[in-house]
Amino acid sequence: SSCGLIGVQDPTTGKWGYIDTVGEKAIDFAYDSAGMFSNGYAVVGTKDADGALEYGIIDTSGVMAVIPSSCSSLQVGSDDGMIVFEDATTQKAGYLKVADGKATVAVQPAYVYSSAWEFHEGLALVQTSAQNVSNEWSVIDESGDVLFTFEGNPEGDYADGYLAVNGYKMGDGTTGGVYLDKSGSVAIDKGFSSVERFYSGYAWVKMASDGTVGFVDESGSLVNAGTYAYLGVGVMSKTGLAWARGTNGTYGVVDRTGREVIPCTYNGVCIWDNGIVRMGNADGTFDLFDSAGNKLTTTSYQAILESVDSDY
């Protein structure tokens, strides 16, 4: 949560509230649903007499914001503070912007509610009813202007300036996995059959030609790591490492050049933000390795706790 408040559910009552980063209650446990805070506001829900959720927006003090009476439903917020709402009359989705305790309509309701995605990096993906049938998407800005449309299957929102799209329909009618920039132009296309969203400068990709996998960086440089089932690149920018899952389900670690630094023979893997790697052995024990693949533990332990943030 960007404001330091964390949504938690009371185990006894089932109600949701918020605590701060030292565990102290900050907002009462009074809600039947609760979203993350974004730009100082969070979407919460309480059940009416019939058990249907009624939604509202609270600030960090728990004070309800004023929302348009036409709102019948709300989605969670986004990094940009735009909140998806459903209009009670048209049953179409638009976007609210909250400021000074009041929510106003920033984007008029015109889209399928389930296909109106959160804003990230100033852009959101939406579909009209017709687009929902044809698998076409529009990308809009925070004023609601449509910047461009495309056909394909987006993989998450914009991240690091790129949108990952699988099955993207090219001008010649062929399809493939690509990355679009914020103008809608194909920015990275290297013959991928499958692509995923960028995470801190890196993204997992799979080649159409031979099924091998690798990763790309923001410049479009490709590293082909070989015949793995998957690579986890969540901490690549911090550690220079990615965890690898082999085609037989075992795990190892590769570096940013695609070189295997820990063989893909283990039952589990966890890369810590400081570059230390915890590998799980077949007998349920664990060992630690450094970022070069050198084994640090002389004894295999029954459990090893994480000391820093990590990626599984």
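The figures that follow rest on heavy atoms only: side chains count, while hydrogens, waters and symmetry mates do not. This chain uses plain numbering: 1 for the first residue, then up along the sequence. If you're wondering where the values come from, they're calculated on a predicted model, not measured in any experiment.
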Q. Any salt bridge between K206 and E196, counting N to O under 4.0 Å?
A. no

(Q) So, taking the atom named CG in L5 and the one named NZ in K25, what distance separates them when rounded to the nearest 0.5 Å? (A) 13.5 Å

(Q) To the closest 0.5 Å, what do you measure between CG (N274) and OG (S291)? (A) 9.5 Å

Q) Can you find a heavy atom in the side chain of F148 that is under 4.5 Å from one in the side chain of S183? A) no

Q. Is there a donor-acceptor pair under 3.5 Å between the side chain of D141 and the backbone N or O of G144?
A. yes

Q.
Under 3.5 Å, is there a donor on one side chain and an acceptor on the other for Q131 and S138?
A. yes

Q: Please check if the distance between the ring centroids of F198 and Y162 is under 6.0 Å.
A: yes

Q. Ion pair present between E136 and K169, side-chain N to carboxylate O less than 4.0 angstrom?
A. no

Q) Nearest heavy-atom pair of A164 and V195: which atoms, and what distance? A) CB-CG2, 3.9 Å

Q: Please check if any side-chain donor atom of T297 sits under 3.5 Å from a side-chain acceptor atom of T299, or the reverse.
A: no

Q.
Would you say that I83 contacts V43 through its side chain, given a criterion of any heavy-atom pair below 4.5 Å between the two side chains?
A. yes

Q. Is there a donor-acceptor contact under 3.5 Å linking the side chains of E260 and Y228?
A. yes

**Q.** Donor on one side chain, acceptor on other, N166 and E155, under 3.5 Å
**A.** yes

Q: May I ask you to check whether W204 and Y199 place their ring centres under 6.0 Å from each other?
A: no

Q) How many angstroms lie between CG in N39 and OG1 in T60, if you round to the nearest 0.5 Å? A) 12.0 Å

(Q) Nearest 0.5 angstrom please: L296 CG to D290 CG, how far? (A) 5.0 Å

Q. F119 and Y158: aromatic ring centres closer than 6.0 Å?
A. no

Q: Would you mind checking if D157 and R197 are paired as a salt bridge, meaning a charged N to carboxylate O distance below 4.0 Å?
A: no

Q. Is the distance between the ring centroids of Y55 and F85 less than 6.0 Å?
A. no

Q | Value rounded to 0.5 Å, distance of CZ in R245 from OH in Y251 | A | 5.0 Å

Q) How far apart are the C-alpha atoms of Y301 and F286, what are their side-chain angles, what is the distance that settles it, and do they pass the ring-ring contact (aromatic ring centres under 6.0 Å, His included) test? A) CA-CA 5 Å; Y301 293 97; F286 297 89; 10.0 Å; no

**Q.** Backbone N/O of D160 and side chain of E121: donor-acceptor pair under 3.5 Å
**A.** yes

(Q) Between D32 and T46, do the side chains contain a donor N or O and an acceptor N or O under 3.5 Å apart? (A) no

Q | Any Y179 side-chain heavy atom under 4.5 Å of V205 side chain | A | yes

Q. Can you find a heavy atom in the side chain of V8 that is under 4.5 Å from one in the side chain of D10?
A. no

Q.
Between Y113 and S73, is there a side-chain donor-acceptor contact under 3.5 Å, judged purely by atom types and distance?
A. yes

Q: Could you tell me whether D87 and K92 make a salt bridge, using a distance below 4.0 angstrom between a side-chain N and a carboxylate O?
A: no

Q) Quick one: does T239's side chain have a donor or acceptor within less than 3.5 Å of a partner on V235's backbone? A) yes

Q.
Strictly below 4.0 Å, N to O, side chains only: are D287 and R278 in salt-bridge contact?
A. no

Q.
Between Y41 (side chain only) and G101 (backbone N and O only), is there a donor and an acceptor less than 3.5 Å apart?
A. yes

Q.
Can you classify the ring geometry of F37 versus Y18 as parallel (below 30°), tilted (30 to 60°) or perpendicular (above 60°)?
A. perpendicular

Q | Straight-line distance of C270 SG to M279 CE, nearest 0.5 Å | A | 10.0 Å

Q. Would you say D48 has more than 12 foreign heavy atoms packed within less than 6.0 Å of its CG?
A. yes

